[in-house]
Trainee: 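One structure, as structure tokens, below. Some questions next.
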Amino acid sequence: MIGYLIRRLLYSIPILIGVCFLTFVLFYMTASPTEIARRNLSAKNPTAQQIKDWEHQHGYDKPKWQQFVDTTEGLFLLRLGRSDSVKGERVMTRIKESWFPSFEIALLSFTAAITINLSLALVVAYFRGTYLDIYGTSLCVFMMSVTYLVYIIGGQFVFGRLLKLTPVAGFLPGWESLRFAFLPVVVAVISGMGASVRQFRTFMLDEMNQDYVRTARAKGVSEAQVLFKHVLKNAAIPVLTTSVQAIPGLFLGSILLESFFNIPGLGNYLVDAINSQDFAVVRAMVFIGALVTIFGYILTDISYALVDKRVRLE
Amino acid sequence: MNPPLLEVNSLRTYFNTPAGLSRAVDGVSFALLPGETMAIVGESGSGKSITALSIMQLVPEPAGFIESGTIQFNGKDLLDLTWEQMRSIRGRQISMIFQEPMTSLNPVFTIGFQIREAMLTHGKYRGDAATARAHSLLERVGMNSPDKVLRQYPHELSGGMRQRVMIAIALANEPQLLLADEPTTALDVTIQAQILTLLRDLQRDTGMSMLLITHDLGIVSQVADKVAVMYAGQIVEQAPTRDLLSNPHHPYTQGLIASLPSRSRRGNALFTLEGVVPPPTRWPGGCRFHDRCSKRMEICNTQMPSTTSQGEYRSVRCHLYPSAEAVTSQEPTR
Ligand SMILES: Nc1ncnc2c1ncn2[C@@H]1O[C@H](COP(=O)(O)OP(=O)(O)O)[C@@H](O)[C@H]1O
Ligand SMILES: [Mg+2]
């Protein structure tokens, strides 16, 4: 187990370096430091000297390989540096400010989604082949076909405008935040529901056809016990792994969701940085995204080994 | 004479398949006395497993269904029971073990859990008594360290060990009838013999009846009191084991015996039955065996033979053995 973790962490080093390199190359393909300097200094109609100073100050005057080595080293040491924007605030400070809204919404929608989707999948699996199953599965396909935007705008209209139950958008700290998180969470859960329920149902029905189910029935075990004990514990393995895999995405915040609901989370931070070509921030956020994703995969493997006794992490 | 424990009459189990109606079991009748062991022998695809699953009413749904027939167990027709009534018989009065020991146990539960569950489901043994019995059952089926095995998961055991566990589960509630569907087919030859001996000993010790399904006629003489030979969804010959092996009537039985390795004359090539069992969606007209039969006559192409009794304990379904009093009426030829 320990050996496995060390090996996975070592493997992740080249992956992270690759991610940094790609970001670096893509950045230089789409923007030049001079342009960024001009943009950030534009109000004062910068002179060539001012631009030079700006580039020097932000380290863009060094040779490219040196820039790459310096920034990558900083990221690996979690010295995320300062933003390229006028204010030049520390990236770490902004992350500390905006991780919570993303995390709150991610955690709530993750737990709500897995509970609701698994329960619904169990119900349709139990009534497999009946009209409930057929209509339920059709509804899932319908829900999958409706785009995310419809859920966002529809949710804002129904809950925010018509029923006036929740704010349409925005965010406040503390307990107040739950009021603002409600609608984004509902939208996140409902928009993923169709695909998840259908997928979980497939996991259960796959298990239903296994030989051990026939053995359980031959022992006289009731259908409810077959489903809720024998099948559920086996189906929990793929359910868990697909769900844990989704955690990194959730944690970075759904970019669309955060911008539509105007939530000051990490997703919004990243979008703003991309819009203003703030390379320092984009670089740091992409790196952290990669880090969280790698962490998510390790978590998936560990959870896999915990539920499935046949799996050994070596 | 004792009344039979199990009496199956004109059982027909069909499947709706994309290729049409599959008549996998098509008019099977036999009886099993208390304490008796009967073997059902036949090539793969002849309907042996489906016959056993029909008795358990565990035919794969929704494609499969029992079309007609009766299955009398202790004088009551199992096909009249509700699902819940049938559930209280499964694993308690009738148990079943399967051909695939590698996949028949649930991978995420311990062996101890799975043996105890068989008992707790029916409430015959509870709590510590169930645990103690699980322990002694594992000992009885020949496991070396029962304490350890109780805590193990299926993947930690070999195929032979898993089949022993399946046997322990099947015997947990002291059933009156054990259905063993090719219990040794998936195992190594040496293990096959051990499991077979174990089943025979357990049957003798407990006095239960046993239906042993196999495609290997070679193993029946050690275990079975009588044999039913199955072909294309029907029983073509039934006889006490010794009579069947020494004097087979049906050309199909003769072919099966001739192709046993132990029976081949030294220096002679091993006899092989040509062809395979046809698919159950398209049984041949006339006698279902006619296109593979070495003794085919004109009538075999067009008319299905009926089952005729040959003495008190034997019956055969073949035009070579006509009889004044046919046991079953003429089957329609389709
Ligand atoms: N789930 C199923 N769906 C459709 N047909 C089936 C199914 N299971 C078995 N059959 C049919 O029943 C026939 C007999 O099967 P089976 O009883 O398993 O044969 P045996 O055990 O003698 O090898 C097979 O040839 C197959 O065509
Ligand atoms: Mg079979």
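Just so you know, these numbers use all the heavy atoms, side chains as well, and skip hydrogens, waters and symmetry mates.
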Trainee: Taking side chain as everything from C-beta outward and backbone as N, CA, C, O, which of these in Met119(B) sits under 4.5 Å from a heavy atom of chain A? Side chain, backbone, both or neither.
Mentor: neither
Trainee: For Ser22(B) and Thr17(B): C-alpha separation, side-chain torsions, deciding distance, then whether side chain to side chain donor-acceptor pair (under 3.5 Å) applies.
Mentor: CA-CA 7 Å; Ser22(B) 162; Thr17(B) 71; 5.5 Å; no
Trainee: I'd like to know which of Thr121(B), Leu53(B), Asn173(B), Val108(B) tops the heavy-atom pair count under 4.5 Å against chain A.
Mentor: Val108(B)
Trainee: Hey, are the side chains of Gln114(B) and Tyr212(A) touching, using non-hydrogen atoms and a 4.5 Å cut-off?
Mentor: no
Trainee: What orientation do Trp99(A) and Phe103(A) show, parallel under 30°, tilted 30 to 60°, or perpendicular over 60°?
Mentor: tilted
Trainee: Tell me which of these, Arg92(B), Glu117(B), Glu100(B), has more heavy-atom pairs under 4.5 Å with chain A than the rest.
Mentor: Glu117(B)
Trainee: Checking Ile169(B) against chain A: side chain, backbone, both or neither under 4.5 Å from a heavy atom?
Mentor: side chain
Trainee: Taking the side chain as everything from C-beta on, heavy atoms only, tell me whether Phe15(B) gets closer than 4.5 Å to Thr281(B).
Mentor: no
Trainee: Relative to chain B, which of Gly129(A), Ala236(A), Ser222(A) shows the most heavy atom pairs under 4.5 Å?
Mentor: Ser222(A)
Trainee: I'd like to know if Glu182(B) and Lys48(B) make a salt bridge, using a cut-off of under 4.0 Å between side-chain N and carboxylate O.
Mentor: yes
Trainee: Under 4.5 Å, counting heavy-atom pairs only, tell me which of Pro107(B), Ala118(B), Ser95(B) racks up the most with chain A.
Mentor: Pro107(B)
